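Computed from a predicted model, the values in this text were never measured in an experiment. Every chain is numbered from 1, with letters handed out A, B, ... down the list of sequences.
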Number of protein chains: 4
Amino acid sequence: MQSDTKPRWERRKDARPQELLAAALDLFVDRGYAATRLEDVARRAGVSKGTLYLYFENKEELFKAVVRENIVDVIGKAESDIAAASGASCSELLRTMLHKWWSEVGSTRASGLAKLIMAEAGNFPEIAAFYNDEVIERGNGLIASIVRRGVESGEFAPVDADVMTRVLTAPVLMLMLWSHSFFPCDTGGMDPEAYMAAFLGLVERGIRAPAPVAPT
Amino acid sequence: MQSDTKPRWERRKDARPQELLAAALDLFVDRGYAATRLEDVARRAGVSKGTLYLYFENKEELFKAVVRENIVDVIGKAESDIAAASGASCSELLRTMLHKWWSEVGSTRASGLAKLIMAEAGNFPEIAAFYNDEVIERGNGLIASIVRRGVESGEFAPVDADVMTRVLTAPVLMLMLWSHSFFPCDTGGMDPEAYMAAFLGLVERGIRAPAPVAPT
Amino acid sequence: MQSDTKPRWERRKDARPQELLAAALDLFVDRGYAATRLEDVARRAGVSKGTLYLYFENKEELFKAVVRENIVDVIGKAESDIAAASGASCSELLRTMLHKWWSEVGSTRASGLAKLIMAEAGNFPEIAAFYNDEVIERGNGLIASIVRRGVESGEFAPVDADVMTRVLTAPVLMLMLWSHSFFPCDTGGMDPEAYMAAFLGLVERGIRAPAPVAPT
Amino acid sequence: MQSDTKPRWERRKDARPQELLAAALDLFVDRGYAATRLEDVARRAGVSKGTLYLYFENKEELFKAVVRENIVDVIGKAESDIAAASGASCSELLRTMLHKWWSEVGSTRASGLAKLIMAEAGNFPEIAAFYNDEVIERGNGLIASIVRRGVESGEFAPVDADVMTRVLTAPVLMLMLWSHSFFPCDTGGMDPEAYMAAFLGLVERGIRAPAPVAPT
DNA sequence: AATGAATGAGGATTCATTCAT
DNA sequence: CATGAATGAATCCTCATTCAT
């Protein structure tokens, strides 16, 4: 009675969506949205094509789910963190956020999703809108709010927060693009760490308000 | 029955290639490589599908021709310029080159080609190799040679030329990506000029070697 | 709304390959390789274009499968038979093999494949190589081995086995060509049986070693 | 006045059709009817595609012209010869005709046309009909008339003339097929002369009426 | 006469999605 | 729930034929 009963936790169907999302992330990142075949996603997750459709309405919904799982959630967490960390210096906070962004998204497979969006948003307006609302707006808002706070407190030079947000995020975005299959044989000597260090050095020296000239 | 009958088509041998390249540039930039249909390119150029094949062997060759026409030629010109401008200060030269790059490629439709490559190189190795050889290698080499010269002459801090090249080019690349169909509704408040100004400011203050401390 | 609604399609996984091979044989034989459209093959098998590709990778593989199914297998069987029939007279064996060839391939639709190869091998080198290796070489080897054995045993006149093989097979080949769509309205009065009889008569009288002159 | 006039015999337009026919023969023979591109024919003849259409209405008419030029004319000549050679022995005449057929058509590039017809007649009924009327019927009629005469005169065994015609012509046809690109690497050791010799030997011994048994 | 640019119908192949089992 | 067979629209490319020059 015992032995021939299937163990009830074997391949719980609850695990399926996660397996599919993981497979989809890999393939979307490697090949892009249009070039990813759902059959490959299914196969990689160890199920059949039809099964995928039991969990996700279609390719688009699958993609959105992947983005939610890998990016949107991270942003949500960061938003809470910022709200909480009202005491820290903005410079410090900025460095922390940029680094966290890098470590929790940029340096993971998920960073490939940014590349994908940049590449294909034009062909898939629905997806573009979704990503814009759920990721871009919220992510940029996060950084901009810190910059704005720093400018107001006099810690930063009086820059335009929105422009500076893009200046600051650009290199991390670039690095994300580079990290994931920019193309096969490129990024030869590029070391992400070295890049981030060089970048943060520039920021350190470049954004800070000039120290008030000491009176002679 | 008269001479005013519209002919079914016109012979425009000399103009065709340019018209086709222009149409192809537009569509490749808007839709990417895979999603661009040759029939649409033809139609936009005012000819039929078949005609396109009279001038370009296939999709890949058409794309290469577009890249040559819009990017490779510019790089060639820049190479000559650099060789000639051996007298200028490296800082000056660097700013000039980055700006020229922006004005002659980045701010034109051609910048969309960079986005395209980033997006789809992984799916089209042949094209990736071509672009890498003809654009990336030569373009980076250009910047790196200036940095290297500046470091050697003591004008710049002793940075790694290859890493710094990527640091320097990243924002322009980013801007190129942003400028063209990042996605339809994005780049809202982004003003390229403001971005370039902020960026070049950073560079100015960040890369220069610290002025030797004046002896007391 | 009831159970009598015709389903849009039926699942017939096991039967499909055979149905497709049969349809393909018919069309390849009637129209040749290049002129056969896969959509027609599919339709004749009662499925859609896409379904064909579930079972055969492409046109070439479909064709190879047709040849394997209809010719290669028969040759394999004949090879075994010959090996087994070491006791029979070579003349007898030869007649048996030629006749079997005729009855199991020549007189069936499969004979059209020989015509097809003759016609189009030059344009499809891959297919030519396949057919040469799997059919021609093995088929000719079969006949040649019998002739050689007959010459060695003195039963046959001392002919060159390879040349004689072609002499012997030529008429059967011809007949195969004639039987199948040589062209629509030809072969008017030609009766294959009459032809084979005439041919075998020639062989009988022509190949046999002259009876030793009886001593006076 | 003299020197700058173009020599009037340079590339007389009268030569064009011949050049086109020669080019067409080559290509039809090498690639078959459907696979021969008129542009290639034109190029090989040293003219442009359009020019070809000045001399031949379309592909089909071009092909018919090639057949007329290379086969029909030969048959016409043979018909006259036979009518004239009423005195010869039928055996002799038969051998002569078969050999002439071989030497004037079979061993020339024109033999490829037979292959082409066999292969593609089914797809081009118009062409099939033309070839049947102009070549097959008249050619077979030629041989059959000789056989018939031989049977009537008692020189030959009492065979069915039409069947025997096909038996006799088959090997020559075969040889024609073999000679022209049967396929690339085949016909390895096959020497047409050896084949013809073996064949004529068979005929010699096989068709002749048994010598009347000498009265004891 | 000659040219060759232009046309457009036609066929192989791919893949998101549906649905019979 | 799960499967995977079946569908068919979509896209690249070819080539006989036409016709502006």
Residues in contact with DNA chain F, drawn from residues 56-68 of chain C - heavy-atom cutoff 4.0 Å: none

message: In whole Å, I'd like the distance from the CG atom of C/Leu20 to the P atom of F/dT7.
response: 10 Å

- prompt: Can you check the A/Arg31 CZ to E/dA16 P distance for me, whole Å?
  reply: 11 Å

query: Hey, what's the ring geometry for A/Phe28 with A/Tyr33, parallel, tilted or perpendicular (30° and 60° as the breaks)?
result: parallel

statement: Here the gap from D/Leu62 atom CG to D/Thr36 atom OG1, rounded to the nearest 0.5 Å, amounts to 9.5 Å

Atom-to-atom span, CZ of B/Phe124 to P of F/dT11 - whole angstrom: 13 Å

message: Just checking B/Glu126: does its CD atom have more than 12 heavy atoms from other residues, nucleotides or ligands closer to it than 6.0 angstrom?
response: no

Side chain A/Asn58, main chain A/Glu61, donor-acceptor under 3.5 Å: yes

message: Requiring both pairing distances under 3.5 angstrom, list the stems that contain DNA chain E and are made of three or more consecutive Watson-Crick or G-U pairs.
response: E:2-21 with F:2-21

message: Please tell me if B/Tyr55 has a side-chain N or O lying less than 4.0 Å from either OP1 or OP2 of E/dA6.
response: yes

Whole angstrom value for the distance that separates P of F/dC15 from CG of D/Leu52: 16 Å

query: Looking at NZ of C/Lys49 and CZ of C/Arg43, how far apart are the two atoms once the value is rounded to the nearest 0.5 Å?
result: 9.5 Å

- prompt: Can you check whether A/Ala34's main-chain N or O pairs, donor with acceptor, with A/Glu120's side chain at less than 3.5 Å?
  reply: yes

Scan nucleotides 8-10 of chain E against the protein and return all N/O pairs shorter than 3.5 Å with their distances rounded to 0.1 Å.
{"from": "E/dG10", "atom 1": "O6", "to": "B/Lys49", "atom 2": "NZ", "distance (Å)": "2.9"}

statement: When C/Thr36 and B/Val47 are each assigned the nearest nucleotide of DNA chain E, the 5'-most assignment goes to B/Val47

query: CG of A/Leu54 versus P of F/dT3: gap in Å, rounded?
result: 9 Å

query: Should we count CD of B/Glu60 as having more than 12 external heavy atoms under 6.0 Å?
result: yes

query: When you measure from the side chain of D/Asn132 to the backbone N and O of D/Ala128, does any donor-acceptor pair fall under 3.5 Å?
result: no

query: Base, sugar-phosphate, or nothing for A/Leu38, non-hydrogen atoms under 4.0 angstrom?
result: sugar-phosphate

- prompt: Within the side chain of A/Lys115, is there an N or O that forms a donor-acceptor pair under 3.5 Å with the backbone of A/Gly32?
  reply: no

- request: When you get a sec, tell me which of E/dT13, E/dA2, F/dC13 is the closest nucleotide to the side chain of C/Tyr53?
  value: E/dT13

- prompt: Which sits closer to the 5' end of DNA chain F, B/Glu39 or C/Arg16, going by the nucleotide each is nearest to?
  reply: C/Arg16

field: Gap separating the CG atom of B/Leu113 from the CG atom of B/Leu25, nearest 0.5 angstrom
entry: 5.5 Å

- request: Using a cut-off of strictly less than 4.0 Å, decide whether D/Arg43 has a side-chain nitrogen or oxygen near OP1 or OP2 of E/dG4.
  value: no

message: Before you tell me yes or no, could you show the steps for A/Val67 and A/Glu134 under side chain to side chain contact (heavy atoms under 4.5 Å, CB included), namely the whole-Å CA-CA distance, both residues' side-chain angles and the distance that decides it to 0.1 Å?
response: CA-CA 9 Å; A/Val67 172; A/Glu134 302 291 322; 5.7 Å; no

